[in-house]
Amino acid sequence: METQRKVILDELNGWKRTHHCAELTLQNDGQEVCLMGWVQFRRDHGGLIFIDLRDREGLTQVVFAPEVNKDALEKAHILRSEDVIAIKGLVRPRPKDMINPKLKTGEIEVVVKDFKILNNSKTPPFLIEDRAEVSENLRLKYRYLDLRRPYMTKNIITRSKAAQSVRSYLNECGFLEIETPILTKSTPEGARDFLVPSRLNQGSFYALPQSPQLFKQLLMFSGFDKYYQIVKCFRDEDLRADRQPEFTQIDIEMSFVEEEDVIQMAEGLIAKLFKDILNIEVNLPFPRLSYAQAIEEYGLDKPDIRFDLKLKDITHIVQNSEFRLFKQASLVKALKLPQGAKLSRKEIDDLTELVKIYGAGGLAWIKIKDNEWQSPIAKFLSEEEKQGITNALDLKVGDIVFFQAGNPEIVNTALGYLRIKLAEMFNLIPKDTYAFTWVVDFPLLEWDEEEKRWVARHHPFTAPKPEHLTLLEKEPEKVLARAYDLVLNGHEIGGGSIRIHTQDLQNKMFKVLGIDSQEAEEKFGFLLEALKYGTPPHGGIAFGFDRIIMLMTKAKSIRDVIAFPKTQKATCLLTEAPSKVSSRQLRELGLKVKEKK
């Protein structure tokens, strides 16, 4: 156990902070100031004590000197890292050989006339500095300490400024910020709901909203024209670096609009956000890719367009190949990595394990060396097939080609993620580049093999393209949606659609999805009733706020831009949530927990 120091703590007693710890410059020379914050470091220099004083804005060096206040100098010997102090002193220039150009306050220091110890600290479980190597679990357990680190402080400040920028833009565009309920009805939206039992209506449950989708549509029905909200959403799903069980959306809806209206508004919002926060001018309009083109060339519907590696369909070249895997496949695709033949066998084996994560059985490859094809599969390819592949991919000596064959979804997904991995390995991704693209013309529906029915690719309120209405019941696989996703550097940061605004079309959509009238009434009766009372055409978009801030700050995870996030197991190490509750609370809710055997 650490022995607590015996420190007599002071009260402020009228002391007022005059500046933050990254504010003072040579222009303040000679001024008497009052600073407050945490002790970052203490250094004893033969009769002088130097303290780096820190607050959320940065650092200021303060000096305890005997000629100014000998008692303060003696008292300062007790100070330790993370003690909270207030100092009064005079600003003076640092000696020229002690100037720190890395600090905003690096040309000055404050010589202390008096100070107060407002609180003292135990030795923290890790250093409060960015270069400290700390496990994420320890950081999350002591999140209040982790948030003091400059990196984390900067991220949270950036998040705050970004929210202000978003609100400023939308307010100027005539949007109203309107709150929607947190306790609501469970409706199928693609992920599991978090359920909240009702004490007053035992046996019934609220659901935490996966998004405000239905309510923002109802606001359009109500005549509010333009709505937005920076809102918490909840999804009980498997987690990864850019997912959390509770996350934040910039949620937007507009009446009397078509796709172009929403897209132009969204581009303006992103342009203002990047200008305000990063001082970057983004080029408008953003390029667009159809869903089919994105899958064809990049394998994924969230393509990273910062680098030029593209997939190539070579099915027609190898459909009669002696290589059985190619001959039997409905789709064969190739990915050329220029000058990638230097990859070792171990590196190729590691890449093979990567594609297996996405359902691939393995990874075929060919190295082009001195016009010789080196590969276990080379002997199965005819000269005609080799020439066809060479021409299609424009192969050169030193290249390597990777192949996937079989189920189209697996082929595209596996090569899509392989493409990203190769770009990282070979430093093909330009730094400090933000590449936006819209992905449009999504399929409205996709076939669920388990349930043997069509499901909505986005949600059941997305409108089909008007020219495809006649296909909805007889050829649903051909129907395209009035939907659009915004992708940044390979991450989907926003998505939306024009909504269905007539009861007749909504009922047709439910019928195609296998939702009968009784189920539709049970789950969406309030929406169907509202559609009877003059609903305007409307559409909107939702941006993943956490994900945008993660990309803007170059954080590795959205956990680094959320003040109090959950782990990948959806737990809070700080508060130890989720936790068990008392039997009394369960009885009040009419619940009983079944003990695990």
Side-chain angles (χ1 to χ4, degrees), residues 240-242 289 291-315 317-318 321 323 325-326 328-369 373-378 380-381 385-386 389-390 392-396 398-431 433 435 437 439 485 487-492 556:
R240 58 176 185 242
D242 56 353
L289 290 171
Y291 169 83
Q293 184 183 358
I295 297 298
E296 175 70 20
E297 296 182 352
Y298 301 95
L300 306 171
D301 62 3
K302 47 182 181 180
D304 190 336
I305 63 172
R306 288 176 295 173
F307 53 98
D308 199 36
L309 296 182
K310 292 182 180 179
L311 314 186
K312 190 74 174 180
D313 186 344
I314 61 165
T315 309
I317 300 173
V318 296
S321 174
F323 187 43
L325 183 62
F326 286 178
Q328 295 176 343
S330 58
L331 177 67
V332 182
K333 274 192 165 181
L335 172 61
K336 178 186 78 170
L337 178 64
Q339 300 305 301
K342 58 188 176 184
L343 282 170
S344 68
R345 187 56 188 264
K346 182 183 184 307
E347 288 173 318
I348 293 175
D349 289 344
D350 290 342
L351 295 173
T352 302
E353 293 305 311
L354 171 71
V355 299
K356 287 181 179 179
I357 295 173
Y358 304 103
L363 182 63
W365 54 271
I366 288 173
K367 291 182 178 181
I368 313 299
K369 289 195 171 182
W373 287 38
Q374 294 184 3
S375 166
I377 72 168
F380 297 107
L381 299 175
E385 288 165 345
K386 289 180 180 179
I389 294 171
T390 298
L393 301 179
D394 189 25
L395 294 182
K396 302 285 193 302
D399 295 347
I400 188 171
V401 185
F402 296 98
F403 302 91
Q404 280 294 311
N407 177 286
E409 184 176 352
I410 293 175
V411 168
N412 285 310
T413 302
L415 285 181
Y417 284 107
L418 176 64
R419 172 182 177 271
I420 294 170
K421 181 62 176 179
L422 292 173
E424 293 171 347
M425 291 173 63
F426 282 76
N427 297 317
L428 301 179
I429 304 175
K431 294 181 179 179
T433 299
T437 185
V439 178
D485 281 359
V487 178
L488 171 58
N489 294 357
H491 296 265
E492 179 197 334
K556 294 181 180 179

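All values below come from the heavy atoms of this structure, side chains included, with hydrogens, waters and symmetry mates left out. No experiment lies behind these values; they were computed from the predicted model shown.
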Would you give me the side-chain donor-acceptor pairs under 3.5 Å for residues 334-342, sequence neighbours excluded?
from   : atom 1 : to     : atom 2 : distance (Å)
Lys336 : NZ     : Leu393 : O      : 3.0
Lys336 : NZ     : Asp394 : O      : 3.3
Gln339 : NE2    : Val397 : O      : 2.9

Rounded to the nearest 0.5 Å, the CD1 atom of Ile295 sits from the CG atom of Leu289 at a distance of 10.5 Å
Residues pairing under ring-ring contact (aromatic ring centres under 6.0 Å, His included) where one sits in residues 329-365, two or more places apart or in two chains, turn out to be Tyr358-Tyr417
Closest non-hydrogen atoms of Pro303 and Val439, given as atom of the first, atom of the second and distance, are CD-CG2, 3.9 Å
Residues Glu424 and Ile429: closest non-hydrogen pair is CG-CD1, 3.9 Å
Open item on the list: For Lys386, I'd like to know if atom NZ has over 12 heavy atoms of other residues, nucleotides or ligands within 6.0 Å.
Closed with: yes
Worksheet item: Under a 4.5 Å cut-off applied to non-hydrogen side-chain atoms, are Ile389 and Ile366 in contact?
Response: no
Residue set satisfying side chain to side chain donor-acceptor pair (under 3.5 Å) with Gln328, at least two apart, ordered chain then number -> none
Hits for ring-ring contact (aromatic ring centres under 6.0 Å, His included) against Phe323, two or more places apart or cross-chain, chain-then-number order -> Phe326, Phe380
Of Leu415, Leu418, Val411, the one forming a side chain to side chain contact (heavy atoms under 4.5 Å, CB included) with Leu311 is Leu415
Rounded to the nearest 0.5 Å, the CG atom of Leu395 sits from the NZ atom of Lys367 at a distance of 15.0 Å
To the nearest 0.5 Å, atom CG of Leu488 lies from atom CD1 of Ile305 at 9.5 Å
CG of Leu422 to CZ of Phe307, rounded to nearest 0.5 Å, is 8.5 Å
Contacts of Lys421 meeting side chain to side chain donor-acceptor pair (under 3.5 Å) (sequence neighbours excluded), chain-then-number -> none
Contacts of Glu353 meeting salt bridge (charged side-chain N to carboxylate O under 4.0 Å, His left out) (sequence neighbours excluded), chain-then-number -> Lys356
Gly406 and Ala329 have their tightest heavy-atom pair at N-CB, 3.4 Å
Residues passing the side chain to side chain donor-acceptor pair (under 3.5 Å) test with Ser344, sequence neighbours excluded, are Glu347
Sorted by chain and number, sequence neighbours left out, salt bridge (charged side-chain N to carboxylate O under 4.0 Å, His left out) with Lys346 holds for Asp350
Residues passing the salt bridge (charged side-chain N to carboxylate O under 4.0 Å, His left out) test with Asp304, sequence neighbours excluded, are Arg306
Practice prompt. For side-chain contact (heavy atoms from CB on, under 4.5 Å), just list the numbers for Trp373 and Thr390, CA-CA rounded to whole Å, side-chain angles, deciding distance to a tenth of an Å, and then say yes or no.
Written response: CA-CA 11 Å; Trp373 287 38; Thr390 298; 3.3 Å; yes
The salt bridge (charged side-chain N to carboxylate O under 4.0 Å, His left out) partners of Asp313 (sequence neighbours excluded) come to none
Heavy-atom closest pair (Ser321 atom, Leu381 atom, distance to 0.1 Å) is OG-CD2, 3.7 Å
Between the CD1 atom in Ile410 and the CG atom in Leu331, the distance rounded to the nearest 0.5 Å is 11.5 Å
Might you work through the side-chain contact (heavy atoms from CB on, under 4.5 Å) test for Leu351 and Leu343, ending with a clear yes or no? CA-CA 10 Å; Leu351 295 173; Leu343 282 170; 4.2 Å; yes
Shortest non-hydrogen pair, Arg419 vs Lys310, comes out as NE-N, 4.4 Å
Residues passing the side chain to side chain contact (heavy atoms under 4.5 Å, CB included) test with Ala292, sequence neighbours excluded, are Ser290
OH of Tyr291 to CG of Asp301, rounded to nearest 0.5 Å, is 6.0 Å
Quick note, side-chain hydrogen bond (donor to acceptor under 3.5 Å, both in side chains) partners involving residues 401-412, not counting sequence neighbours, are Lys333-Asn412
